[in-house]
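Note that this is a predicted model, so its numbers are computed, not measured. Starting from 1, each residue takes its place in the sequence as its number.
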Amino acid sequence: MSCLFCDIVEGKIPAQIVKKDDHVVVFRDIQPQAPTHVLVVPTKHISTINDLTGQDAAIIGKMVMAAQEVAVAEGIDESGYRMVLNCNKDGGQSVFHIHLHLLGGRTMQWPPG
Ligand code: AMP
């Protein structure tokens with residue numbers, strides 16, 4: 001089955017890539033909701049957070065560490081930022097390959113919409 005984010009990971013679809021290693025690809029969201037809005041995507045296809053197993057724990061760690069690194073590179077580490085993982089319909093997930101949103105560069109609201 002085709003997957004948009006697998007295609008970006010494999011370079012079949014262009015994206016503004018800000019970081020790439022064996023485990024994660026980080027690229028700018030096509031519809032940014034903040035001055036910095038990037039998506040941290042594991043190179044391994046996992047459809048939703050529900051599908052994670054204990055064996056994937058390291059992947060989540062690598063995603064968070066990649067987001068931390070990009071937050072520093074984007075200069076939003078001191079001002080602050082938000083990391084978001086959406087799951088399924090009520091969570092607002094629209095692409096079914098897990099991804100961590102990193103948003104910053106403006107003040108976030110709470111509660112989220
Ligand atoms: P979610 O709603 O949590 O599944 O987030 C999916 C995100 O992917 C949205 O913020 C979209 O704007 C973003 N998106 C969709 N297609 C692309 C694309 N081709 N390149 C970059 N970001 C995309």
### Query
Closest approach of Ile76 and Gly105, non-hydrogen atoms and distance?
CG2-N, 3.8 Å

### Query
Which salt bridge (Lys or Arg N to Asp or Glu O under 4.0 Å) pairs, counting each pair once, include a residue from residues 49-68, with sequence neighbours left out?
Lys44-Asp56

### Task
Please round to the nearest 0.5 Å and tell me the distance separating atom NE2 of His97 and atom SG of Cys3.
5.5 Å

### Query
Can any side-chain N or O of Thr43 pair as donor or acceptor with the backbone N or O of Asp22 at less than 3.5 Å?
yes

Enumerate, atom names and distances included, each donor-acceptor pair closer than 3.5 Å involving a side-chain atom of residues 88-95, sequence neighbours excluded.
{"unit_1": "Gln93", "atom_1": "OE1", "unit_2": "Asn88", "atom_2": "N", "d": "2.9"}
{"unit_1": "Gln93", "atom_1": "NE2", "unit_2": "Ser47", "atom_2": "O", "d": "3.0"}
{"unit_1": "Gln93", "atom_1": "NE2", "unit_2": "Val95", "atom_2": "O", "d": "3.0"}

#### Entry: Nearest heavy-atom neighbours spanning Gly104 and Ala34
O-CB, 3.5 Å

### Query
Does Leu103 sit in a hydrophobic cluster with other residues, and if so which ones, taking ILVMFWY side chains as linked at heavy-atom separations under 4.5 Å, directly or through other members?
Val84, Met108

### Task
Answer with yes or no whether the hydrophobic clustering places Val40 together with Ile49; edges join I, L, V, M, F, W, Y residues whose side-chain heavy atoms lie under 4.5 Å apart.
yes

### Task
Determine whether Ile60 and Phe96 fall in the same hydrophobic cluster, where Ile, Leu, Val, Met, Phe, Trp and Tyr are linked whenever their side-chain heavy atoms lie under 4.5 Å apart.
no

### Query
Going hydrophobic residue to hydrophobic residue with side-chain gaps under 4.5 angstrom, can you get from Ile59 over to Val64?
yes

### Query
About how many Å separate CD1 of Ile8 and CD1 of Ile30, when rounded to the nearest 0.5 Å?
7.5 Å

### Message
So which atom in Ser79 and which in Gly75 form the shortest heavy-atom distance, rounded to 0.1 Å?
### Response
OG-O, 4.2 Å

## Note on the structure
Residue pairs passing the salt bridge (Lys or Arg N to Asp or Glu O under 4.0 Å) test with at least one member in residues 25-36, sequence neighbours excluded, are Arg28-Glu74

### Distance (rounded to the nearest 0.5 Å) between Leu100 CG and Leu85 CG
5.0 Å

### Summary
Using a 4.5 Å side-chain heavy-atom cut-off and chaining through intermediate ILVMFWY residues, the residues clustered with Met65 come out as none

### Task
Indicate, with yes or no, if Ile17 and Val70 share a hydrophobic cluster defined by side-chain heavy-atom contacts under 4.5 Å among Ile, Leu, Val, Met, Phe, Trp and Tyr.
no

### Query
At their closest point, which heavy atom of Asp21 faces which heavy atom of His23, and how far apart are they?
OD1-N, 2.7 Å

### Query
Can you name the nearest heavy-atom pair linking Ala67 to Leu102, along with the distance?
O-CD2, 3.5 Å

### Message
Just verifying a value: how many Å separate Thr36 OG1 and Tyr81 OH, rounded to the nearest 0.5 Å?
### Response
11.5 Å

### Message
I need the minimum non-hydrogen distance between Ala66 and Val26, along with the two atoms involved.
### Response
CB-CG2, 4.3 Å

## Note on the structure
So side chain to side chain donor-acceptor pair (under 3.5 Å) across residues 99-113, not counting sequence neighbours, yields His37-His101

### Query
Same hydrophobic cluster for Ile98 and Leu39, using side-chain heavy-atom links shorter than 4.5 Å among ILVMFWY?
no

